[in-house]
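The sequence lines fix the lettering, A, B, ..., with proteins before strands; numbering per chain opens at 1. Worth saying up front: this structure is predicted, and the values here are computed from it rather than measured.
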There are 2 protein chains.
Amino acid sequence: MTQHEEQQTLQTYEQLKLCNQLCFPLYAASKEVVKHYRPYLKKLDLTYTQYITMMVLWEKREINIKELGDCLYLDSGTLTPLLKKLESKGYLKRSRLPADERNVMVTLTQTGSDLRQEARDIPGKMGTCVKLSQDEIQELRNLLHKLLETL
Amino acid sequence: MTQHEEQQTLQTYEQLKLCNQLCFPLYAASKEVVKHYRPYLKKLDLTYTQYITMMVLWEKREINIKELGDCLYLDSGTLTPLLKKLESKGYLKRSRLPADERNVMVTLTQTGSDLRQEARDIPGKMGTCVKLSQDEIQELRNLLHKLLETL
DNA sequence: TAAAATTAAATTGTGTGCAACTTAATTTCA
DNA sequence: TGAAATTAAGTTGCACACAATTTAATTTTA
């Protein structure tokens, strides 16, 4: 192996280190942030995935599963059982759309709407445990959105 | 409700929108990036979690489960079955440490070491599908590391 | 030094997350 | 128009991910 080839091999292996990855800190940070939500969500008897689902419903009141999946980057395999669970808690109703029976509409109930009150403080509380400046948070959010768009 | 209170309520609810969250783009981007790894990892018959585990082993050759969990932000509940699977594929050996029988040492095998060759191209291929500049990637990585440290 | 506390893995149970497939409804187009 | 293609949900199976608990080994300390 020539010196140049050896150099290349080292560089290649260097890239296989965890610390040089973009993906790994993304994966780890995502899990850690969700972990910080859990104690607050537990009080509402919601998981993180159930929480972001409710966030969409608080905003839109009504949405079909396909669109919901597009919002949340989740498929019906994940959403169907999750929505059944939220329905059993009384937070939403599921019903086939008469105009196109393939579609299932998910509609916020009064109970589900009321839950928003109890969730009000969560974003603020989370904000205080993230020790980044407002500028850094904005910058991070921008980069993540850019990354998401390109994928 | 006074105008001021109404204003505050609106602001509070504004923060409960998905687009104003930091956590959600983090969660979504993480999943999407992992999804892009999958076709490459499938050729090596590895899941993403198995891949990052192998990355640690390629770097350290030998590590106990506790430390591995600290590296990967994973606990024994996730790692024990995952390591058994990697052991059954012949990539590593697990053995109790004689000096302290509570510890299980995980050691890279020759087969596991050879796998590194086949994984060599993955970081480069992933790099090309992330449409961010080198500066942006570096900035994103820095912010994520900073976020991880503070949590 | 022996009981109490701590520690590391493993186990159990629940909830995603997703690929692959099935089912049923609707749309396309030959 | 009627068969083929497409679409939306649901189902199945596998692999995490983690809280909570258990087990076994080691360390602390009364």
### Query
Looking at side-chain heavy atoms only, is the closest gap between A/F24 and B/Y73 below 4.5 Å?
yes
### Task
Measure the distance from CG on A/N103 to P on D/dA9 and round it to the nearest whole Å.
5 Å
### Query
How close or far is atom P of D/dT7 from atom NZ of A/K66, stated in whole angstroms?
9 Å
### Query
Just checking A/S76: base, sugar-phosphate only, or nothing, at a heavy-atom cut-off of under 4.0 Å?
base
### Message
Can you tell me if B/K93 has over 12 outside heavy atoms packed within less than 6.0 Å of its NZ?
### Response
no
### Query
Reckon B/D100 touches a base, only the sugar-phosphate, or nothing at all at heavy-atom distances under 4.0 Å?
sugar-phosphate
### Query
So do A/T53 and A/V106 actually touch side chain to side chain, heavy atoms under 4.5 Å?
no
#### Entry: Expected output: side-chain A/T128 to main-chain A/K125 donor-acceptor under 3.5 Å
yes
### Query
Between A/M105 (CE) and D/dA8 (P), how many Å, whole number?
13 Å
### Task
Return the value, rounded to whole Å, for the distance between atom NZ of A/K35 and atom P of D/dA17.
11 Å
### Task
Would you indicate what A/T78 reaches in the nucleic acid, counting non-hydrogen atoms under 4.0 angstrom: base, sugar-phosphate, or nothing?
base
#### Entry: Any A/N64 side-chain nitrogen or oxygen under 4.0 Å from OP1 or OP2 of D/dA8
no
### Query
Roughly how many Å is it from CG in B/D45 to P in D/dA15, rounded to a whole number?
9 Å
### Contact nearer the 5' end of DNA chain D, comparing A/E32 with A/K84
A/K84
### Query
For atom NZ of B/K146, is the number of surrounding heavy atoms from other residues, nucleotides or ligands below 6.0 Å larger than 12?
no
### Message
Heavy-atom nearest nucleotide on DNA chain C for A/P81 versus A/R102: which residue maps closer to 5'?
### Response
A/P81
### Summary
In the 5' to 3' direction, the nucleotides of DNA chain C bounding the stretch that comes under 4.0 Å of a heavy atom in chain A are C/dG15 to C/dT26
### Query
Just checking B/L79: base, sugar-phosphate only, or nothing, at a heavy-atom cut-off of under 4.0 Å?
nothing
### Query
Given that A/Y73 and A/A99 both sit by DNA chain C, which one's nearest nucleotide is further toward the 5' end?
A/Y73
### Query
Checking all strands, does B/T49 fall into the base, sugar-phosphate, or nothing category for heavy-atom contacts under 4.0 angstrom?
sugar-phosphate
### Message
Does D/dG10 have OP1 or OP2 under 4.0 Å away from a side-chain N or O of A/R94?
### Response
yes
### Message
Strictly distance-based, threshold 3.5 Å: is any side-chain N or O of A/T109 a donor or acceptor partner for the main-chain N or O of A/G90?
### Response
yes
### Task
Using atom CG of B/L86 as one end and atom C1' of D/dA15 as the other, report the distance to the nearest whole Å.
12 Å
### Task
Calculate the interatomic distance between A/D70 atom CG and D/dT7 atom P; express it in whole Å.
13 Å
### Query
Does the pair B/R94/B/E87 count as a salt bridge with the N-to-O cut at 4.0 Å?
yes
### Query
Over how many whole Å does the gap from B/L82 atom CG to D/dC18 atom C1' extend?
14 Å
### Query
A/D75 or B/I52: which one's nearest nucleotide on DNA chain D is closer to the 5' end?
A/D75
#### Entry: side-chain N/O B/K31 vs D/dC16 OP1/OP2, d < 4.0 Å
no
### Task
Using modelled atom types only, decide if a donor and an acceptor are shared between the side chain of A/E32 and the backbone of B/L151 within a distance under 3.5 Å.
no
